[in-house]
Structure formats: structure tokens, C-alpha cells
Amino acid sequence: MKVWIGVTLLIAVAILLVMSQLLPWPFHLHNNDTVQRIYIGSMGISNQRFLQEHEDPSSAEFTQLAARVSQQLKLIYSKNSVLAKYFNRNTVQAFSEGDSGDDSIVVYYESEFDVPVPEQTTVDEAIESLEPPAESEWGQQGQGLLKPSDTLNISSIISQVIDPRLTRSTLAKRKFFNIHVRNRGIVHSPGFPDYLYPPNANFQWRLRAEPGHRVRLDFHTLNLEDDCQRDFIKVYDSLAPIEKRALTEQCGNPQKLLSFFSSGNVMLLTLVTNEKKNFLGFEGSYSQIPSAKRTCPGRFQCNNNKCVSKTSQCDGWDDCGDNSDEINCTCTGMFQCNNNKCVSKTSQCDGWDDCGDNSDEISCVFSACTGRFQCNNNKCVSKTSQCDGWDDCGDNSDEINCTCPGRFQCNNNKCVSKTSQCDGWDDCGDNSDESNCTCTGMFQCNNSRCISNTSQCDGWDDCGDNSDEINCTCTGMFQCNNSRCISNTSQCDGWDDCGDNSDEINCTCPGKFQCNNNRCISNTSQCDSWNDCGDNSDEINCTSVVCSAFTFHCSNGLCISKLNPECDGVQDCEDGSDEANCDCGTSLYSSTRIVGGQGANVGEWPWQVSLHFKGLGHMCGASVLSDRWLLTAAHCVRDTAVYKLSQADKWEAFLGLQVQNQTNEWTVKRGVKQIIAHRYYNSYTEDSDIALMELDTRVSLTQHIRPICLPSSTYYFPSGQEAWITGWGTTLQGDAATAILQKAEVKIINSWLCNILLNYRVTGNMLCAGVLSGGVDTCKGDSGGPLSVANSRGRFFLAGVTSWGKGCARIYAPGVYTRVTKYRSWIKQKIGV
Ligand code: 4AZ
């Protein structure tokens, strides 16, 4: 479902943000040839004892030891001919107990250097190959700068350039949490599970177990944006984000259980988010386990104590399951990726991401794309991909510096035929072939399209942006509120000729009967069993009526003329059949619905079902009709070239669900026993897009799982009536489904108008609903779900099944739904109710 608010503003802000973010801050250019480079490291110090106070950066103990560490690091750098030249400053981030747990401590720090661009690799290498000073040097390190008593005995040192995503300039929040892992506890992303995690944030959870213990971290829920370049979590076998100590990086929605173990008594969990698309985040539990003795003779012992073959170490595969066989690796005779995988040296700069983190494809200086085009990010793409208007490289480098000899060059560098310019169609894809057009002898629309002068003010939106229908004066005709001119005789004729109904308001019918839609009909047409008004208002409240397509059929064979008498709390049929089978269509939240797309409340739409196709996850919505039957769209269960969507045993239905992949005590999962798609479903016209699904076992109906009421075949959903759309479908065209069930209010749209708007593709078996100004609609992934309309008593009836549309949420393109009233007898015939 899509709700775009202030799209233009957001795009403008996003462009500014992206432009300002192109260079992550550790690599900001200082002047023409210097960049700032940040390294992260840890050092073991054997002559210092860890004190509780060292956990608190504001304590005197922390400050004093941090100052000594900074000083000593500065000394180490000063003795290195490369590092000495470019060093700027050190910042100590944290301390932890040393491995031996007695008189040793580990310090975690950041060091900042100002490095000339060509020297970056040299400095990176110098940092990575730093060794602790030999024991014989310990007493003399100071050389007059440090008193011998201040000298720290450094037993180990690792440092590396920091992952630039952790220091993006757009990161507005950076927050640290210190957690003691003595007792089992829960760690979760901010706001989980009630809110989505915040944008532009870097959160770090420092987990410390007791000495002689290790940290165990298990994720129960993980739900992040799919692209790890934007949002991700990363777990380190350290208290600082040192790449060599990374145990895992995760994003998206991994389905497997994720468990991680530290080798020492500390672990770091980081969450980094960007400005776009926030998800539910994660929840996990931490605990501590005693460090086990070595139990893998002749084999490698993983952090999780699993034993694997020694050859599994550093082979680029996570044999341990916690990645501990792939950390601290050096690749002899091979290329070492940033993620420590070893790949053949010939894999470097071959245009393929052999490492999995693309580190074998960066900093390539020679062209390795023989016969192909080398992108700025070193990817190789076909030469024909250059200047074809598509970003094949992923960094758009195949689309810059393009020329189009003999053709028109679009702003996005696509080449299109010169005749495509100013023809009213966006051939470029960015509309640049339609801007700066002048229309000689024709009317120029605001969107630059040229249309015939006679098309101006003719009541039709010929421009596509309605600019030919504004500022019109209607000589001898009626002027609608939306400026359209219509014939005077169209006023008060009961038809919405204006499109905004302004020709049908303030109408009176002297001496005649006035219908609810303001049409005037002869008095004798009232209660004659003919729908003269068009909205049946001349046939309601009549005492005795002949049965027709507009009357409600009571079970005793008699008919009543009252509009939508079902389940309205008043017995209208003598036999009470209009109030029978009314245990449907109510929910816990009848009064709190809010206009606009937003997350639904738990139990608010208890008839909403999520249909998962095994292996693909959520595909479609459906509605609960009874404890055994669901209603969905036929197009959801139609076989494709790749998937047998018509096979019942491949589907799983989730009832009582609010957040995808987050089941709880009121969520029920069922297999599907049979699928009955309508035999007249036409995949070309989308007519009869309706299907029934029988669950493999009945479900208990609860406050969270309830049927929606099925309208009788004569139920009337008038244009303009409020309706609700719900689903887990995409919120931006082309995006993945949302985690939290979304809801939005729309209106039933006049079918005649809708048919025109949608190029005459709306049949009588379809119903349109939406917001004509765009921005609110169902979309991919919402299909099969309900269009719910409340009756006079607030009870919801299933007006439609989400089916198709001209894109999603576009202006003047409402969504199309299968008109359920047309299939009432088919449903009865198939399921008996
Ligand atoms: C779809 O692709 C889809 N805007 C569903 C509904 C709509 C469009 C597309 C209505 O399943």
C-alpha cells in the first residue's frame, strides 16, 4: 500500500543528503590531495589490571589510563616512518579484561590520520602490519617522553581501517550501551516491536561477560532493509568494530536461527541505519557460558565449541556456523578480502565480486574488462550498456559523458529518436524530451505536452496534468467547480458529468421525486420496482415490493426494499433472515481508525490473512470467510512459468498476524487443502479475479481471527462511500513488502468514471476504490486482500478483493477490486454459506 506525502520535498531532501553523503567522513577530502582516514584497533597491555571503573568513560581511572594509552600509541606511530608523517590524534573508546583474566587489560581505540590520496594504501598497510614492541624495548619506549613507570607493556596489537558505513556523515545518532552479561537478558533495536528503528543511526551494544566466560548472542527476530549498504547489523568478537574480528554482518530478513559466540569475554553488536526505509529491527537474547577447555584434538575448535577440520580454517566458508573459523586469517599466496576470505590473486580486479564484499574489486588501477566496459566501481558491463539510459554499473558510471550522434540526448543520457522530442510522451523516462517545448499553433500544457487548441476546456484532461481544463470560462455552458464546462442540460440530471459532482449539488425537483443522488424522476416511478434513480433510492422504504435485482431476498421468499438491511440491528424480514449469520465483520478497534496509510493495530482487521508461498514468503492477502474458508484473488493462485502457484500444498496461510515473521499466541498457521479459482477467471482482462482456499484444518475463531461479513448479491456500495484497504504490500513501487500490516481509507469510485480513467478495462464484475488525487492505494503484495466497508452499525462487509490497477497510487487511477456481490451465489455454491 502506498502513501506518498510531500514526495517532491522528500526527493529534494534525499538528493541533498545523497550528495552530501557521497564521501563518507573518514575519507573526506581535506584539501585537493589529503583525506582523513580513521583506523580502529585494540591492544593487549600486560602490566595493567582491569578495574570496574575502566568501564565508565567519565571516571578518573578511565581518563588517566586513556591518556597513557594515547601517549604510548603516539610514540609507536612516531617510530614508523610512514605513520609519523600523517598522524593526527587518538581516541580511546573502551577497556576490557585481558584474556588471561589477571593483570592484563585490552584497550580499544580509534586513530585518525590525514593522508595524501596516493599514500592511502601505504598507510593502511603500515597500520595493519604494526607489531607490539619487543619485550626488550618495553623499558625504553619512552626515550625521555614517558617515565618508565608510565610505560605500558604492549603484548598484542591489531588495527585496521574502519568500515566507512560506520562513520557516514549522515549518521545523526551515535549511541553506546554497556551490558553486563551475567544473567540472561534481551537486547533489541530501539522501539522494537512497537516502532520501526530510527534513521541515520549507529547504535553499539558492548556486551561483557565475567572473566573466564564467553558471550552467547541468539537472534529471535531480524527484520532490516534488504540492502546491507544501507541498514545492517554486525557482530564483532571484540569491543570495537575491527573488521578482522567481525563474526557476522546481516540485513534483510534471514530465516535461519542466528547464534554467535565470542572467544573472550566481550562482544560488540552494532546497528547502522540510513535515512530511508526503516524496519522493525531485531530482538535477541544474550547469556554467558563458561570458557570450555580445548576438546578438539587435532582439529580446530570454534567459538561455539564445535570441532571442524583444520583445513576449514580460513577457507572462506563459515564451517563453524558462528564464523569463528574465518576470523584472524592471513592468506598466504592468496588475496585477503576485507571479510578475511582468501581468494585467488587472479580474482582481484577481474570485474567479479569473488570476496562477497567487493573488496577484490576496489582500488584497481588497470583495466581488467577486456572487450567490455569498466565501470568506476570496476564492474565489467557490456559495451552496449554504455549510454543506454540504464545504470548497469550500479554507480551510473556507464551513463556519464554520453553523446547521442543524430539522436536526442536525454538528461539521463539515454538516446531517443529526435521525433520523440515534444511528442507528449516521456520517452526518456525522466521527461527531459518533453521539457522546454514550444507548441506552434497548438495549446501548450503545463507538462509541456502540445495538444489541439480545441481540446482546451472541453471537459477532458487531454494534457494528463489537467492544465487544459483549468482557468476555463464556459460561455453558454455550465461551469463545474473543477472548471470543466458541461452542457447546461447535464445539470441535475443525476449523473456526475463534472467528475467532482458539482453539477449534481444544490438541485431541487419541483413537483417531482428527488433521488438520493439528486436526480429528479416522475413521482409515479417511485416504488415501481424499477431503479429509476440509478442509486435505487426510489425503491427503498416501499411497503410491498416485487423481488428484483435491487431488493433483499429474505429466506422465506419475500423481498424487502430497504437498502442493505443485512446485520443492521433491525429485523426487516418477517423470518429474521436479514439478521441471521451476523457473527462477522467486527473487531477490537471499531472507533480508532485513522485516515491515511499507517500500521494497523493488533486485532484491528481480524479477517486479514497473509498467504505465504513456501520458499517465497508473503505473496498475497486473503479474507477469512469462516473457520475453514478464505477468499483471495485468482491471479494469486495462477501458475507462472517458474512457480506452481495453483498447488494447494505449496501455500501456508497466516491468520491473526500483524507483523510478518513475528508470530505470537494468537497467530495461527495453516496449510491449504484445496484451491478453487473461478473457472471464468481471465488473466488478460482480470475479470472474475476471485478464488476460494480451504484450510487443511479448521481454526478457532477468536478476537484476532474473525470472518468478514459477505454482502448479499443485492448489497449496494454507493460511490463516495468510505472503504478500508489493508495489506502487507509494497509501500513504494518496486519495493519489498512491509513488515507491519498497513491500513488506509479510500472511497468507492463511480464505475463509469473509473472505466474511462482506466481505458475501458473495468467490467461489471469489478469495483473501483481509491483517492482520485493519488497517493493512497493498494499495490503489489496486497492482492487477494479485503476492501472492507462498514455498514450503518459499523459492521464490516467484504466489498472487494484487491485485484489490479494502473500502477499504484497514481493520480486519477483508482485501484480495481473484484466486486464480491457478483460472486455471492458462486461462493454459496462452493462452500455452502
Ligand atoms: C498487484 O500488482 C497490484 N493499485 C494490486 C493492486 C493494485 C495494483 C497492482 C491497485 O498485485
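Note that ligands are numbered from 1 as they come in the structure, with each ligand's atoms numbered from 1 the same way.
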Could you list which atoms of ligand 1 come closer than 4.0 Å to a heavy atom of [X]?
X	answer
Cys779	3 (C), 5 (C)
Asp777	4 (N), 10 (C)
Trp804	7 (C), 8 (C), 10 (C)
Gly807	4 (N), 8 (C)

Run down the list Cys808, Cys620, Ser783, Gly785 and name the one with the heavy atom closest to atom 1 (C) of ligand 1.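 It is Ser783 whose heavy atom sits nearest to atom 1 (C) of ligand 1.
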Less than 3.5 Å between some nitrogen or oxygen of Thr778 and one of ligand 1, yes or no? yes
Counting C-beta onward and ignoring hydrogens, is there a side-chain heavy-atom pair between Thr821 and Thr714 closer than 4.5 Å?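 Answer no - side chains too far apart.
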Of all the non-hydrogen atoms in the protein, which one sits nearest to atom 2 (O) of ligand 1, and at what distance? Lys780 CA, 3.7 Å
Tell me whether the guanidinium CZ or amine NZ of Arg761 lies under 6.0 angstrom from the six-membered ring centre of Trp804 and within 45° of its axis. yes
Check salt bridge (Lys or Arg N to Asp or Glu O under 4.0 Å) between Asp687 and all other residues, then give those that pass, not counting sequence neighbours. none
Enclosure of Asn664 CG (heavy-atom neighbours >12, cutoff 6.0 Å): yes
Between Glu604 and Lys743, does any NZ, NE, NH1 or NH2 come within less than 4.0 Å of an OD or OE carboxylate oxygen? yes
